[in-house]
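What follows is one structure encoded as structure tokens, with my remarks underneath.
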Amino acid sequence: MSSNAAHGDEVTSGPDRRTELREFLRSRRARLRPEDVGLPSYGRRRVPGLRREELAQLAGVSYAYYARLEQGHGDTMSAEVLDAVARALRLSQEESDHLVRLAQPERQSTAQAALRPTVQHLLDALGVPAYVVGRRLDILGWNRLATAVFGDWDRLPPEERNVARLVFLSPEARDRFADPGRAAQRVAGVLRMNAGKSPGDAHLSSLIQELSRKSEEFRRLWARHEVSCPSTGETVPMRHPLVGEFDLVHEPMTLPGGAPMRLMTYHAEPGSRSEEALRMLASWEMEPLP
């Protein structure tokens, strides 16, 4: 049950890295107040958060130097300067990595991943819901238990087999999550992180623009510039029309070799009601077709 997502040749240009860098830094400044970082606050501010000169002072660089970074000229900055800016902005490790990728991007291939047959064999052998996604969150392969939990991906056109499209554009797919808002926030953060890793991926840029046109929720989350990676051991509350609500534990794993791919597995805690719900779904899904 694998899929190679079809993409047309007519796509928009890749993300504007300098604009992304500028807006990311501005959004991180906006969430800090002077009193949060031990600076005096003088009167009302036209925009919330720290001013450029205050951030430069905290980072120990000149205002002109920091302004140049915020204008998108990160390729001229040293690792020490970027680290100082990250500390001054109180960035998480994921956000710090995102800042470095935007400031000094590495050249990466934008070719779409192709699922190896051996990986599909592994998916089929696993006794838990599992699927593989590429950098653009295209669903490249899955097992039958994954479709029992998340929906029948076999019936979807190849171009619609994409986690972001399903979460933001498919009411039926969203209904499988007991907390769809949380799922949407996580997906937007992963997509933002992946876009920072591959600023020249025009197909990824096209996907982001499509989601921005069609989903107000995506536009709101995308404007927050939050980045995240799939969380190991995160509990994902699910909902199914046959077994009701149950919890799955998410364990993502990066697959080696070639274009970036992640194996996404989900399991239930042993002895829990969720394990029983998953066992029931498995038994129904594995029944032979008439």
Side-chain angles (χ1 to χ4, degrees), residues 1-6 113-134 136-187 190 228-256 261-290:
M1 301 179 189
S2 63
S3 162
N4 289 325
L115 195 69
R116 300 191 302 275
T118 52
V119 176
Q120 183 61 54
H121 297 160
L122 171 63
L123 288 170
D124 295 335
L126 290 175
V128 297
Y131 59 92
V132 173
V133 294
R136 302 162 193 150
L137 300 189
D138 290 319
I139 303 167
L140 305 174
W142 60 89
N143 59 19
R144 292 180 65 181
L145 195 47
T147 60
V149 171
F150 297 103
D152 193 353
W153 294 333
D154 290 285
R155 297 187 178 183
L156 293 176
E159 65 273 11
E160 293 183 15
R161 295 170 187 159
N162 178 279
V163 172
R165 282 196 177 95
L166 292 172
V167 167
F168 287 103
L169 304 180
S170 171
E172 181 180 356
R174 286 177 64 89
D175 285 345
R176 294 298 179 102
F177 294 94
D179 188 350
R182 174 180 167 189
Q185 182 178 356
R186 174 64 69 181
V187 169
V190 171
S228 60
C229 61
S231 298
T232 299
E234 179 182 19
T235 298
V236 182
M238 303 299 300
R239 180 189 297 120
H240 194 280
L242 297 179
V243 300
E245 294 191 5
F246 59 102
D247 293 332
L248 293 179
V249 180
H250 181 207
E251 290 289 348
M253 290 165 261
T254 301
L255 295 177
M261 292 184 289
R262 283 184 181 271
L263 171 64
M264 317 293 268
T265 69
Y266 297 81
H267 70 274
E269 291 293 342
S272 65
R273 180 199 169 280
S274 296
E275 184 183 47
E276 178 60 25
L278 194 58
R279 186 179 297 116
M280 293 172 64
L281 288 176
S283 65
W284 293 331
E285 179 64 26
M286 297 307 171
E287 288 180 358
L289 296 175

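The first residue of the sequence shown is numbered 1, and numbering continues consecutively from there.
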Can you tell me how far [atom2] of [Y] sits from [atom1] of [X], rounded to the nearest 0.5 angstrom?
X      : Y      : atom1 : atom2 : value
Thr147 : Arg155 : OG1   : CZ    : 10.0 Å
Arg165 : Leu156 : CZ    : CG    : 11.5 Å
Met261 : Thr254 : CE    : OG1   : 10.5 Å
His240 : Phe150 : NE2   : CZ    : 10.5 Å

Within-4.5 Å side-chain heavy-atom neighbours: [X] and [Y]:
X      : Y      : answer
Pro241 : Arg176 : yes
Val167 : Arg174 : yes
Tyr266 : Leu278 : no
Pro129 : Thr265 : no
Phe246 : Leu281 : yes
Leu140 : Val119 : no
Asn143 : Val128 : no
Glu160 : Ser170 : no

I need the minimum non-hydrogen distance between [X] and [Y], along with the two atoms involved.
X      : Y      : result
Ala146 : Ala130 : CB-O, 3.5 Å
Pro256 : Arg116 : O-NH1, 3.4 Å
Glu251 : Thr232 : OE1-CG2, 2.8 Å
Arg239 : Asp175 : NH1-O, 3.2 Å
Ala268 : Ser274 : CB-C, 3.7 Å
Met238 : Val149 : CE-CG1, 3.9 Å

- prompt: Does the ring centre of Tyr131 sit less than 6.0 Å away from the ring centre of Trp153?
  reply: yes

- prompt: Can you list the residues that meet the side chain to side chain contact (heavy atoms under 4.5 Å, CB included) rule with Arg186, with sequence neighbours excluded?
  reply: Val190, Ser228, Ser231, Glu234

query: Would you call Glu276 and Arg273 a salt bridge, using N to O less than 4.0 angstrom?
result: no

field: Worked check of side-chain contact (heavy atoms from CB on, under 4.5 Å) between Leu122 and Thr118
entry: CA-CA 6 Å; Leu122 171 63; Thr118 52; over 6 Å; no

query: Counting distance only, does the side-chain N/O of Asn162 pair as donor-acceptor with the main-chain N or O of Arg136 below 3.5 Å?
result: yes

- request: Check salt bridge (Lys or Arg N to Asp or Glu O under 4.0 Å) between Glu269 and all other residues, then give those that pass, not counting sequence neighbours.
  value: none

